[in-house]
Number of protein chains: 2
Amino acid sequence: MSPRVSPSGAPSVPDSGGPGDPGVDGAKGKSTRERILDIALELFTEQGFDKTSLREIADRLGFTKAAIYYHFASKEDILMSIHLRFHEFGREMLTQMGDGPATPEMWAGLLDRAIDMILEHRTLFLFHERNQAALENLHRERHDAEHEDLQAKFRQALSSENIDLEGRVRMAAAFGAVMASLAVAGDAFADVPSDKLGLVLRKVVADLLRV
Amino acid sequence: MSPRVSPSGAPSVPDSGGPGDPGVDGAKGKSTRERILDIALELFTEQGFDKTSLREIADRLGFTKAAIYYHFASKEDILMSIHLRFHEFGREMLTQMGDGPATPEMWAGLLDRAIDMILEHRTLFLFHERNQAALENLHRERHDAEHEDLQAKFRQALSSENIDLEGRVRMAAAFGAVMASLAVAGDAFADVPSDKLGLVLRKVVADLLRV
DNA sequence: GTCTATATAGGGATAGAC
DNA sequence: GTCTATCCCTATATAGAC
């Protein structure tokens with residue numbers, strides 16, 4: 001318990017990963033904190049969260065595991081930080097949905113954005129696919145209100161009274177179709193240019209939702 | 001190392017879960033081995049493989065964790081045994097595919113069967129969804145030739161030269177659509193009767209593959 | 001900001017009694 | 001077929017030096 005606060009007063013901004021924000025030290029690239037997150041994302045995606053030790057992460061970066069505790073309060077804190085990057089996208093989707101009842105048209109628009117996001121952050125989405133268990137444990141402990149909202153909205157849309165069963169199944173199916181094509185079977189289409197793949201997927205989604 | 005062989009000479013038959021094979025002891029239901037697998041499947045699906053200890057499994061069954069080692073050589077052996085149940089379905093799909101090039105029609109037939117299987121063994125598929133990382137580690141150690149075959153065939157179909165990109169994406173999408181509707185968003189459609197859900201899904205798949 | 005050294009716990013696995 | 005007792009290792013996490 002008694003989580004230690006990150007020493008740098010910096011808020012946990014959604015680091016876009018771009019070459020934007022300069023590190024605290026040299027003018028050179030990313031801060032140590034971000035470098036830890038990058039390596040962690042890579043290893044967690046490859047081997048899974050539980051099978052990856054802090055030692056492994058530290059070794060890759062050239063220092064010892066204890067040093068990590070300067071930047072993060074715990075191993076779970078790292079997991080959470082990565083999850084937060086992902087969460088940004090969810091928030092965007094949420095606002096886009098508004099609070100009216102979900103319609104197939106809206107869903108199509110949502111997935112349209114999602115396709116771009118997934119294409120651009122493939123590993124991040126793959127990470128979520130492959131670490132569902134660890135992430136659920138995370139939410140069981142820390143009750144993230146924001147996450148609940150998102151999840152609830154999602155489920156609500158999929159159980160909406162206004163839409164018949166077939167329509168709702170089609171919505172779920174469209175979502176799964178996108179995820180499977182981009183994240184899960186990712187390396188099967190790895191050589192396909194993103195724009196081309198995106199184009200086909202949009203067609204598939206439109207077809208599926210009949211819009 | 002030096003894996004201990006299961007004492008009961010029984011081959012690891014694909015226990016269908018039915019009330020078929022009587023236990024060794026009383027005429028009453030399942031053998032201890034199967035009861036362990038059932039509880040393990042439940043806990044692994046709920047909390048994840050790594051977050052579930054042998055102690056937890058044993059507690060649920062009313063004995064201590066050491067007793068488990070009479071039935072299984074290791075914790076991974078339990079994971080493997082559960083995975084083998086799943087593998088039966090893959091094998092069936094494999095033979096159904098034959099060795100000719102995959103066509104959308106064949107794929108539709110494949111998914112037609114898959115829908116039934118998933119509907120009937122939802123938790124088993126959900127388990128696989130949520131423990132992808134642990135399962136991949138399993139295959140990294142023990143080189144399962146059969147599994148390689150299945151995986152290879154799957155990828156091969158998705159990268160087949162005979163089918164254009166859109167066709168292949170549609171195949172991947174169809175698969176993802178089914179998985180998402182049945183396993184991932186499972187509780188959203190939990191109250192929907194299986195036959196009704198299956199019917200809609202078949203329609204969606206046919207639509208998606210244009211057959 | 002990064003390090004060494006160390007505390008502590010929990011989990012997987014073994015040996016052998018009953 | 002199930003149990004107790006125990007070994008051993010790894011991993012998280014802490015304290016505090018540089």
Side-chain angles (χ1 to χ4, degrees), chain A residues 1-10 22-37 39-40 43-44 47-81 133-134 137-138 141, chain B residues 1-10 22-37 39-40 43-44 47-81 133-134 137-138 141:
Chain A
M1 307 303 159
S2 76
R4 207 202 304 174
V5 161
S6 251
S8 62
V24 190
D25 30 272
K28 181 79 173 306
K30 307 185 168 186
S31 67
T32 303
R33 189 189 153 90
E34 283 176 82
R35 276 165 61 222
I36 293 174
L37 285 178
I39 296 288
L43 292 176
F44 290 171
Q47 318 172 335
F49 174 72
D50 299 275
K51 287 283 184 297
T52 304
S53 69
L54 295 179
R55 210 182 75 83
E56 258 178 301
I57 297 174
D59 279 358
R60 283 262 195 124
L61 288 163
F63 48 73
T64 65
K65 74 183 163 165
I68 293 179
Y69 283 88
Y70 177 75
H71 300 278
F72 297 94
S74 66
K75 191 188 178 187
E76 274 204 341
D77 192 24
I78 300 180
L79 185 67
M80 183 58 111
S81 297
N137 281 329
L138 194 67
E141 290 161 22
Chain B
M1 307 301 160
S2 74
R4 206 202 304 174
V5 162
S6 252
S8 63
V24 189
D25 31 274
K28 182 77 172 306
K30 306 185 170 190
S31 66
T32 303
R33 187 188 155 91
E34 282 176 83
R35 276 165 61 221
I36 294 175
L37 284 178
I39 297 287
L43 291 178
F44 289 171
Q47 319 172 335
F49 174 72
D50 300 274
K51 287 280 183 299
T52 304
S53 69
L54 295 178
R55 210 181 75 83
E56 259 178 299
I57 297 173
D59 279 357
R60 282 263 194 125
L61 289 163
F63 47 74
T64 66
K65 74 182 163 166
I68 292 179
Y69 283 89
Y70 177 76
H71 300 279
F72 297 93
S74 66
K75 192 188 180 188
E76 275 205 338
D77 192 25
I78 299 179
L79 185 67
M80 184 57 114
S81 298
N137 281 330
L138 195 67
E141 291 162 22

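Chain naming here is simple, since letters A, B, ... match the order of the sequence lines and numbering starts at 1 in each.
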How long is the line joining [atom1] of [X] and [atom2] of [N], in whole Å?
| X | N | atom1 | atom2 | value |
| --- | --- | --- | --- | --- |
| B/L61 | D/dT2 | CG | P | 9 Å |
| A/I78 | D/dA13 | CD1 | C1' | 12 Å |
| A/Q47 | D/dA11 | CD | P | 11 Å |
| A/D59 | C/dT2 | CG | C1' | 14 Å |
| B/I36 | D/dG1 | CD1 | P | 11 Å |

Looking at side-chain heavy atoms only, is the closest gap between [X] and [Y] below 4.5 Å?
| X | Y | result |
| --- | --- | --- |
| B/Q47 | B/E56 | yes |
| A/T32 | A/Y70 | no |
| A/R60 | A/L43 | yes |

| request: Kindly say if A/T64 contacts the phosphate of C/dT2, meaning a side-chain N or O under 4.0 Å from OP1 or OP2. | output: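 So the side-chain polar atoms of A/T64 never come under 4.0 Å of the phosphate oxygens OP1 or OP2 of C/dT2.
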| remark: To the nearest 0.5 Å, atom CD of A/E34 lies from atom CD1 of A/I36 at 10.5 Å
Can you check nucleotides 10-12 of chain C for protein contacts, nitrogen or oxygen pairs under 3.5 Å, and list what you find?
residue	atom	partner	partner atom	Å
C/dG12	OP1	B/K75	NZ	2.8
C/dG12	OP2	B/L54	N	3.0
C/dG12	N7	B/K65	NZ	3.0
C/dG12	O6	B/K65	NZ	3.3

| query | What residues, two or more places apart in sequence or in another chain, satisfy side chain to side chain donor-acceptor pair (under 3.5 Å) together with A/E76? | reply | none
| task | Taking the six-membered ring of B/F49 (Phe, Tyr or Trp), confirm whether the NZ or CZ of B/K75 is under 6.0 Å from its centre and within 45° of its axis. | result | yes
| Out of C/dT2, D/dT2, D/dA15, which nucleotide sits closest to the side chain of A/A66? |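 Of all the options, the side chain of A/A66 is nearest to D/dA15.
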